[in-house]
Amino acid sequence: MLFFSFFKTLVDQQITVELKNDIEITGTLRSVDQYLNIKLENITNKESIRYPHLNAVKTLFIRGSTIRYVHLPKSAIDVNLLQDAARKEAMVSK
Amino acid sequence: MSGNFSSIAASNAAVNELTSEVDSLYLEQYAFTTSAAIVGSLNKSVFVLLRDGRNLFGILRTFDQYANLVIQDTTERVYLLEEKQYGEIFQDNFLIRGENVVMFGELDLDAEDDHLKEFTKIDYKEANAKLNKKNEEKIKKGREHTKTYLQQGFTSDFSKADLY
């Protein structure tokens, strides 16, 4: 559940979600849940050619299982802290 | 011997301490986090993109924690992007199993039909036939892609069920 907690600290940040079909959607992270389903607000999409109706979409719920990558702003992540937390979690699960 | 026992006890205590430390980072209940994200879109006009590439437009009436959705007064729309054409058909109500959902979004009622100005409406059956042809090509390409990857010792995440 580490990454669930991690994503919760990124709420209100501008992120880009890359789906398994290579499309990228940028928006403000509104909420995230334990399956890493992601809800974006104010989406700006360069993919309006592929999904023309996305222009009329205000909030978008993306199912975690279709996400390949999430692009995050560098300033929003404390890499050392994340590394420590990952180690701790690994130790506990052993 | 007693030294060993006490060191095991000490390390157990350390792990227990860590466990409680990590536990405190998390919410006690996760069951409703998905629902919390969806509840705001209830009774609103939404579009749902399914894994097989279908676009459904309707009103979201019910959902659960797996993102199973019930959509009322659904219109399915097929976009043919290169041809700038679309076809649509009224499909009544849908109960969608969550695993088939790629994404869904609330629609801005004032803008939801704007993009259709650039498209020409054609018969749904015709549009669907064209789409199926494209999908067949996509599957063929995907299979070749998988084959090449496997030969090189890589895996491919292509699945013919994913045509979105």
Side-chain angles (χ1 to χ4, degrees), chain A residues 1-9 11 17 19-23 25 27 29-43 45 47-69 81-82 84-94, chain B residues 14-16 18-23 25-27 30-38 40-41 44-49 51 53 55 57 63 65-67 69 77 79 81 84 86 98-116 118-119 157-159 162-164:
Chain A
M1 296 307 278
L2 173 64
F3 280 88
F4 169 49
S5 299
F6 170 66
F7 271 107
K8 279 200 296 185
T9 67
V11 168
V17 177
L19 302 187
K20 287 179 185 168
N21 64 348
D22 299 333
I23 80 158
I25 300 163
L29 181 62
R30 196 58 217 273
S31 70
V32 63
D33 64 27
Q34 77 270 33
Y35 306 111
L36 304 188
N37 295 329
I38 279 177
K39 195 180 178 190
L40 293 179
E41 212 158 67
N42 300 323
I43 56 163
N45 69 304
E47 309 298 338
S48 58
I49 305 159
R50 200 135 155 211
Y51 298 114
H53 51 283
L54 275 188
N55 284 331
V57 172
K58 291 184 286 187
T59 60
L60 188 66
F61 176 93
I62 304 172
R63 204 163 189 274
S65 57
T66 63
I67 296 172
R68 185 182 284 147
Y69 302 119
L81 189 68
L82 187 61
D84 274 356
R87 287 202 182 112
K88 272 184 193 168
E89 180 144 300
M91 276 180 80
V92 169
S93 53
K94 263 179 202 168
Chain B
V15 168
N16 284 340
L18 265 181
T19 314
S20 67
E21 204 179 308
V22 172
D23 277 346
L25 291 172
Y26 302 135
L27 277 181
Y30 310 113
F32 300 109
T33 50
T34 312
S35 308
I38 303 175
S41 302
K44 296 210 171 112
S45 181
V46 296
F47 91 90
V48 186
L49 175 64
R51 273 173 54 207
N55 286 296
F57 296 77
F63 64 89
Q65 73 268 36
Y66 307 108
L69 308 171
R77 197 179 288 149
Y79 291 100
L81 299 169
K84 285 276 172 198
Y86 75 95
E99 65 181 318
N100 300 303
V101 174
V102 176
M103 59 187 175
F104 76 87
E106 246 176 78
L107 292 165
D108 181 353
L109 290 175
D110 296 325
E112 67 174 325
D113 293 332
D114 284 1
H115 65 277
L116 292 178
E118 297 162 28
F119 287 76
D157 57 5
F158 173 78
S159 152
D162 291 326
L163 296 168
Y164 53 92

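All figures in this text were calculated on a predicted structure; none of them were measured in a lab.
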S.K.: If you take all heavy atoms of B:S41 and A:T59, which pair is closest and at what distance?
M.R.: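 Looks like OG-OG1, 4.4 Å.
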
S.K.: Test of understanding: with side-chain contact (heavy atoms from CB on, under 4.5 Å), list the residues that count as partners of B:E112, not counting sequence neighbours.
M.R.: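 Here the qualifying residues are A:A56, B:S45, B:L107, B:L109.
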
S.K.: Might you point out which heavy atoms bring A:P52 and B:L81 nearest each other, and give the distance in Å?
M.R.: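 That closest heavy-atom pairing would be CD-CD2, 3.8 Å.
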
S.K.: Counting only heavy atoms closer than 4.5 Å, note whether B:N55 contacts chain A via side chain, backbone, both or neither.
M.R.: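 The answer is the side chain of B:N55.
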
S.K.: Is it the backbone or the side chain of B:F119 that comes under 4.5 Å from a heavy atom of chain A, or both, or neither?
M.R.: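 Looking at B:F119, just its side chain touches chain A.
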
S.K.: Pick one of side chain, backbone, both or neither for A:R30, based on which atoms fall under 4.5 Å of a heavy atom in chain B.
M.R.: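 It is neither, since no heavy atom gets under 4.5 Å.
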
S.K.: Using the test salt bridge (charged side-chain N to carboxylate O under 4.0 Å, His left out), find all partners of B:K84 that sit at least two apart in sequence or belong to another chain.
M.R.: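 Per chain and number, B:K84 pairs via salt bridge (charged side-chain N to carboxylate O under 4.0 Å, His left out) with B:E118.
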
S.K.: A side-chain contact here means heavy atoms from C-beta on lying under 4.5 Å apart; do A:K20 and B:Y164 qualify?
M.R.: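 Sidechains of B:Y164 and A:K20: in contact.
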
S.K.: So which part of B:D157 gets closer than 4.5 Å to some heavy atom of chain A, the side chain, the backbone, both or neither?
M.R.: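 Just the side chain, heavy atoms under 4.5 Å.
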
S.K.: Below 4.5 Å from any heavy atom of chain A, which atoms of B:F104 appear? Answer side chain, backbone, both or neither.
M.R.: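 It is both, since atoms from each part get that close.
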
S.K.: Angle between ring planes, B:F57 versus A:H53, binned at 30° and 60°: parallel, tilted or perpendicular?
M.R.: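 Judged by the thresholds at 30° and 60°, the geometry between B:F57 and A:H53 is perpendicular.
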
S.K.: Between A:L54 and B:M103, is any pair of side-chain heavy atoms under 4.5 Å apart?
M.R.: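 Yes, their side chains come closer than 4.5 Å.
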
